[in-house]
2 protein chains.
Amino acid sequence: MKTSSQNHSVEKDSFEKPILTVDVAYLSIRGGELEILTIKRDKAPHEGELALPGGYVHCDEDEDLSETARRVIAEKTQLEPDYIEQVETIASRSRDPRGWTATVLFMALVSDSKRGEDDKLGKDCQWVALGGLKRKSLAFDHGELLSKVKERLVAKSRYTSIPLYLLPKEFTLSEAQKYFEITTQSTLEKKSFRRRLLDADIIEETGEQTKTGKRKAALYRNKNDSNVHFFPRMIG
Amino acid sequence: MKTSSQNHSVEKDSFEKPILTVDVAYLSIRGGELEILTIKRDKAPHEGELALPGGYVHCDEDEDLSETARRVIAEKTQLEPDYIEQVETIASRSRDPRGWTATVLFMALVSDSKRGEDDKLGKDCQWVALGGLKRKSLAFDHGELLSKVKERLVAKSRYTSIPLYLLPKEFTLSEAQKYFEITTQSTLEKKSFRRRLLDADIIEETGEQTKTGKRKAALYRNKNDSNVHFFPRMIG
DNA sequence: TAAATAGTGTCTTTAAGACAATATCTC
DNA sequence: GAGATATTGTCTTAAAGACACTATTTA
């Protein structure tokens, strides 16, 4: 076993400190498709390209990393996420031309209705449909970061209730199914889906019905506000 | 929206860089109990207390964070883990008396037989049973880090095959069950457990039988070396 | 032969999948 | 009433749980 460098993590030492940042994939569903909040970079490198909102960890302001994530979002839009989750920390020499960097990647979700209320984004901010991103591509390795977040979202949508965070405050079961189909990237069976969602006891009828569409449908709302439900099995 | 600090993650700036470290909870099963590799600290703060192996990210040596994790383990023992997984990145002002620090937490597992071959640890290293740790307690917030790793291990042992990484190269189904019971912290039903493991097609009979014990038992070995299997449902 | 552990048979239960049938709404 | 969508009924299937039973080994 080597005898050098046996210090524990935080001994004062002379190593070059890596740059630590937080990047957030902030997702929403609009027009039947997942969209992501992008920032147009105004300086090199990758000037003019789209990037995920992100920024340095501010040791003086941020108590922890989720605060950093919330802050970097708040610097770009007043639209606060309904859900936020740390996904992975990615680091390497090659991911940024300016040197060894580490970024803590977060996934954030906001409900359709909440986003509806607020569309006052800065001019450098833009919601972009994931489908359209294939050609545009993102700055740095943000395409890969987005892939990781997508993977996490698809996986967790199969056994948790997190797609509910993307739905408007009031929704029909058909809409809920559509949203789960988008996030799981699969088509779901109607009866199974409804049974599963209702048996979980996580939504409740508002008593109201929709007016639009070919036929009225019962409206539901989220019940266990703020709690992610874990279903006993996967769907889809 | 604020207009200050709108830089993307990695603009050159004057913020105090936080300290970035990696800590590893290196687990093994011995004597029917989970054990963790601890390091006795030889300097302040927390001198003399037990801590997880960890260390700075070395921008010059480490290509990515899992390399850092492997390196900090290698600095303490030649025993290479059979499995390694990034768990979470924890950061805050308060977790270390010397300032704002961030640590990327890893879980590492090593098989019983591999650990058997090598017990040449440095004198500051020691495998400690998790049960006995309650009174000793760990330095810094390493007790909390360990809790997070335990939680991850318990959860993933219910729907993946990762406890197989803790078993010796050759094992009986009863031993496998015992190991899964330890990692899931529950008692399992014999028939269900065997059916599940055999149907998954991830282990195979060696053809040999045990000699010890009250009765001979068939020996099995891992089949899909290096692949984690995801079971269709949870157990326990 | 008794005790203990290994291994099997099989019925039940849970929750998802398939798919048809019915209900209600709008035009 | 036709077409569309919402809602329900019910049979099937996959995989875990319960639990008793048989088999093999050692003392």
Side-chain angles (χ1 to χ4, degrees), chain A residues 32 155-161 163 167-168 170-181 183-221 229-236, chain B residues 32 155-161 163 167-168 170-181 183-221 229-236:
Chain A
K156 280 195 111 167
S157 296
R158 293 189 63 208
Y159 62 94
T160 76
S161 63
L167 278 158
E170 302 201 341
F171 53 86
T172 67
L173 292 179
S174 298
E175 287 172 324
Q177 181 173 344
K178 197 175 64 187
Y179 275 62
F180 273 81
E181 286 178 336
T183 56
T184 61
Q185 298 190 320
S186 66
T187 66
L188 302 175
E189 207 288 316
K190 186 164 53 172
K191 186 63 196 293
S192 311
F193 177 77
R194 283 159 185 251
R195 189 175 40 202
R196 178 177 153 105
L197 209 54
L198 293 172
D199 288 358
D201 196 38
I202 51 179
I203 59 173
E204 61 189 2
E205 288 197 65
T206 66
E208 304 297 304
Q209 292 197 310
T210 45
K211 295 248 146 67
T212 62
K214 303 287 183 176
R215 180 192 153 176
K216 285 179 188 165
L219 281 169
Y220 291 80
R221 72 166 77 87
H229 177 77
F230 285 74
F231 294 102
R233 301 192 201 165
M234 290 194 176
I235 204 176
Chain B
K156 281 197 111 167
S157 295
R158 294 190 62 210
Y159 62 94
T160 76
S161 63
L167 278 158
E170 303 202 339
F171 53 85
T172 68
L173 292 179
S174 297
E175 285 173 325
Q177 181 173 344
K178 196 175 66 186
Y179 274 62
F180 273 81
E181 287 179 336
T183 55
T184 61
Q185 298 190 322
S186 67
T187 66
L188 302 175
E189 207 286 315
K190 185 167 53 173
K191 186 61 195 290
S192 312
F193 176 77
R194 284 161 183 249
R195 188 175 41 204
R196 177 176 153 105
L197 208 55
L198 293 171
D199 287 358
D201 196 39
I202 51 179
I203 60 173
E204 62 189 2
E205 287 197 66
T206 67
E208 303 297 303
Q209 293 198 309
T210 46
K211 295 245 146 74
T212 61
K214 304 288 184 179
R215 180 189 153 175
K216 285 180 187 164
L219 282 169
Y220 291 80
R221 73 167 77 87
H229 177 77
F230 284 74
F231 295 102
R233 303 195 200 162
M234 290 196 176
I235 204 177

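Quick caveat, the model's predicted, so the values are computed rather than measured. The sequence lines fix the lettering, A, B, ..., with proteins before strands; numbering per chain opens at 1.
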Taking atom P of D:dA6 as reference, at what distance in whole Å does atom CZ of A:Phe193 sit? 13 Å
Any luck finding a side-chain donor-acceptor pair between B:Thr172 and B:Ser174 under 3.5 Å? no
Over 60° means perpendicular and under 30° means parallel, so classify the ring planes of A:Phe180 and A:Phe231, tilted if in between. perpendicular
Between C:dT5 (C1') and B:Gln209 (CD): distance, integer Å: 13 Å
With rounding to the nearest 0.5 Å, note down the distance linking OG1 in A:Thr206 to CZ in A:Phe171. 9.5 Å
Nearest 0.5 angstrom please: B:Glu181 CD to B:Lys178 NZ, how far? 10.0 Å
Between the side chain of A:Gln177 and the main-chain N/O of A:Leu188, is any donor-acceptor distance below 3.5 Å? yes
Nucleotide N/O of nucleotides 20-23 of chain C paired with protein N/O under 3.5 Å:
{"unit_1": "C:dA23", "atom_1": "N3", "unit_2": "A:Arg215", "atom_2": "NH1", "d": "2.6"}

Can you measure A:Leu219 atom CG to D:dT7 atom P for me and round it to whole angstrom units? 9 Å
Output the distance between atom CD1 (B:Ile235) and atom OG1 (B:Thr184), rounded to the nearest 0.5 Å. 7.5 Å
Counterpart residues, salt bridge (Lys or Arg N to Asp or Glu O under 4.0 Å), relative to B:Glu204 (two or more places apart): B:Arg221
Roughly how many Å is it from CZ in B:Arg195 to C1' in D:dA16, rounded to a whole number? 6 Å
Nearest-angstrom distance from the residue atom CZ of B:Phe230 to P of D:dA15: 17 Å
To 10°, what angle do the rotation axes through the five end pairs on each side of the helix from C:dT1-D:dA27 to C:dC27-D:dG1 form? 10°
To the nearest angstrom, how far is B:Tyr159 atom OH from D:dA15 atom P? 18 Å
Would you mind reading off the distance between B:Leu173 atom CG and C:dT8 atom P, rounded to a whole angstrom? 9 Å
Could you give the distance from OH (A:Tyr220) to CZ (A:Arg194), rounded to the nearest 0.5 Å? 7.5 Å
In whole angstrom, give the distance that lies between atom CG of B:Leu198 and atom P of D:dA15. 14 Å
Taking only the side-chain nitrogens and oxygens of B:Ser174, find out if one of them lies under 4.0 Å from OP1 or OP2 of C:dT5. no
Would you say the base of C:dA15 and the side-chain of A:Arg233 have a donor-acceptor pair closer than 3.5 Å? yes
Point-to-point distance, once rounded to the nearest 0.5 Å, from NZ of B:Lys191 to CZ of B:Arg196: 15.0 Å
Between the base of D:dG17 and the side chain of B:Arg196, is there a donor-acceptor distance below 3.5 Å? no
